[in-house]
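What follows is one structure encoded as structure tokens, with my remarks underneath.
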There are 2 protein chains.
Amino acid sequence: MAETHYRHVQEHFSYLIRKNVLKAGGKLPSEREIGEQFNLTRVTVRQALQNLEAEGVIYRENRKGWFVTPPAVTYNPAAQLSFNVYVSEQGFAPSTEKIEQVVQSASAKIAQKMGIKKGAPVLFLHRRRFIDKRPVLIERMYINIACLPGIEDEDLTQSLSQLLKNKYDLSYRDMDLSFKSTSLPEEAAKDLGIASGQPGLHVERVNYINGNQVLELDYEFWRHDAVNIAIEVRE
Amino acid sequence: MAETHYRHVQEHFSYLIRKNVLKAGGKLPSEREIGEQFNLTRVTVRQALQNLEAEGVIYRENRKGWFVTPPAVTYNPAAQLSFNVYVSEQGFAPSTEKIEQVVQSASAKIAQKMGIKKGAPVLFLHRRRFIDKRPVLIERMYINIACLPGIEDEDLTQSLSQLLKNKYDLSYRDMDLSFKSTSLPEEAAKDLGIASGQPGLHVERVNYINGNQVLELDYEFWRHDAVNIAIEVRE
DNA sequence: CTTGTCTTCTGGTCTATACCAGTATATTTT
DNA sequence: AAAATATACTGGTATAGACCAGAAGACAAG
């Protein structure tokens, strides 16, 4: 490979992070400092940093600086585990913030995806989830309220799957999953406090009960560097 | 959102592509031409193009230019379908190139993952796969040769799953899947003809037969803009 | 002690320019 | 007609500046 200047810087920090000299969550020197140290312009330094960002090795906080990416959490969408459970199990501290909760009429698109009538009431739930205080996931969920009378009055900062089990004695197993690696939509990026245009992982999930009735339609937007997906297929 | 110059350019081409004025596979004007048209420097133009690339809307070919990304293929790793089948079914033209095929001794890492002894013979298969002549996927497979006597003499440009079914009357259903969104490793990026540092999708798959015997360990590196993953979970 | 303000530091955006390294095409030579 | 060569064009890498907007800490006023 060509030994360009930005690759040199890239390898330098990649090495420091691998060797744990720069620790997870730690801050890198400012772009200007790095530039002085290597005698390079900011443009070149930024090229190196942006590549490391694409690798998921570092990330930025708007106008604060560049930081070392903490280890990613492993997420199995097919498992019957709530965010809180699997995040804690892996040694991290989960938290959840409810951004919006409202009963609304299903749009044509949502109705079609959920197999319900357009205009039928659905519970829209918009949450932001954190790992060790770092926002990593935006959820936009559409819940088939017909299946779950009274759910709109519950505390939905909590785990939904727990609530379903305890209050309704329901659990879903059948689901359709779809993953797409793309940049985050502008709104999701803003909610995660990162520049839109940054890469992300988009998960779409449809949960079924009773064979083919849609319980919930779930759009998830993850920081690409915060999660690995793992699924076990057994038949 | 702030109306920056690069966002303006970004929206311009995003619009043209959405409206199909610029068609899939089509070429964009050169960076210099775009710069003249909008009265911007190349640096600013490139910022816009790189964002569109992250979205998966356009892609580049080294020193040839920028092109409109064709539609992505939907891939269900859990389905019993070969690349050739699901790609053709979706209206694209698949092809495969064998880069390397060799019987080698399992390294410690590979042996551990496959549950075999270190040094045991495995068939390593390195392939590049194309959709409509565009390289989209690098496969690096380690096949448990003990399960498949004589496989090293077969034509491995063909579908492996077909071969297993026809010659050995074998099919795997149980598997572990792992997805990770990260930049492509240097070698995989080179094989795909793209700059390393570009985003990609890394799939790791372990196929089992007879409950827990590993038939095959498969590393896949996809262009992030060429594929959507879809899985149906039914129990 | 708290509150508000100022200053400094950070990354975000942008101009203007330069040279390099592959690609593709036109041109010349054989 | 085929092969070798020159040339124009593409993105890739890099310099040297500039100004802006948000974050954070120092500091003064209440």
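Below, chain A is the first sequence line, B the second, and so on; all start at residue 1. These values consider heavy atoms only, across backbone and side chains, with no hydrogens, waters or symmetry-generated copies. Not measured: the values here are computed from a predicted model.
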Margin query: Between A:R46 and A:E31, does any NZ, NE, NH1 or NH2 come within less than 4.0 Å of an OD or OE carboxylate oxygen?
Written below: yes
Item checked: Listed once per pair and sorted, the ring-ring contact (aromatic ring centres under 6.0 Å, His included) pairs that draw on residues 24-59 of chain B, sequence neighbours left out -> B:H8-B:F38, B:H12-B:F38, B:Y59-B:F67
Check: For B:I194 and D:dG12, what is the distance between atoms CD1 and C1' respectively, to the nearest whole Å?
Finding: 15 Å
Item checked: Name of the residue among B:E152, B:M141, B:Q104, B:E216 meeting side-chain contact (heavy atoms from CB on, under 4.5 Å) with B:L123 -> B:E152
Check: CZ of B:R129 to CD1 of B:I131: how many Å apart, nearest 0.5 Å?
Finding: 10.0 Å
Checklist line | Listed partners of A:Y15 passing side chain to side chain contact (heavy atoms under 4.5 Å, CB included), at least two apart | finding: A:E11, A:R18, A:K19
Checklist line | Nucleotide C:dG11, atom P - distance to CD of A:E33 in whole Å | finding: 8 Å
Notebook entry, point to check: CD1 of A:I34 versus P of C:dC9: gap in Å, rounded?
Noted result: 17 Å
Next item on the list: Measure across B:P29 and B:I34 and return the closest heavy-atom pair with its distance rounded to 0.1 Å.
Entry: O-CD1, 3.6 Å
Item checked: With sequence neighbours excluded, residues passing side chain to side chain contact (heavy atoms under 4.5 Å, CB included) with B:A79 -> B:N76, B:L81
Taking only N/O atoms, report every protein-nucleotides 15-23 of chain C pair under 3.5 Å with atom names and distance.
residue, atom, partner, partner atom, Å
C:dT15, OP2, B:T41, N, 3.3
C:dT15, OP2, B:T41, OG1, 3.1
C:dT15, OP2, B:T44, OG1, 2.7
C:dA21, N3, B:R63, NH1, 3.0

Next item on the list: Considering only NZ, NE, NH1 and NH2 on the basic side and carboxylate oxygens on the acidic side, decide whether B:R140 and B:E187 come within less than 4.0 Å.
Entry: yes
Check: So which of residues 46-61 of chain B are in contact with DNA chain D, with a heavy-atom cut-off of under 4.0 Å?
Finding: B:R46, B:R60
Check: Taking 4.0 angstrom as the limit, do A:K113 and A:D176 come out as a salt bridge?
Finding: no
Note to self: Check this one for me: any side-chain N or O of A:Y6 less than 4.0 Å away from OP1 or OP2 of D:dA14?
What the structure shows: no
Next item on the list: State plainly whether the residues A:D191 and A:R127 are in salt-bridge range, i.e. N to O under 4.0 Å.
Entry: no
Check: For the helix from C:dC1-D:dG30 to C:dT30-D:dA1, what is the angle between the axes at its two ends, each from 5 pairs, rounded to 10°?
Finding: 0°
Check: Do B:R223 and B:I194 come close enough that some side-chain heavy atom pair is under 4.5 Å?
Finding: yes
Check: Whole-Å distance between C:dC14 P and B:F38 CZ?
Finding: 13 Å
Next item on the list: Round to a whole Å and report the spacing from CZ of A:F67 to P of C:dG11.
Entry: 9 Å
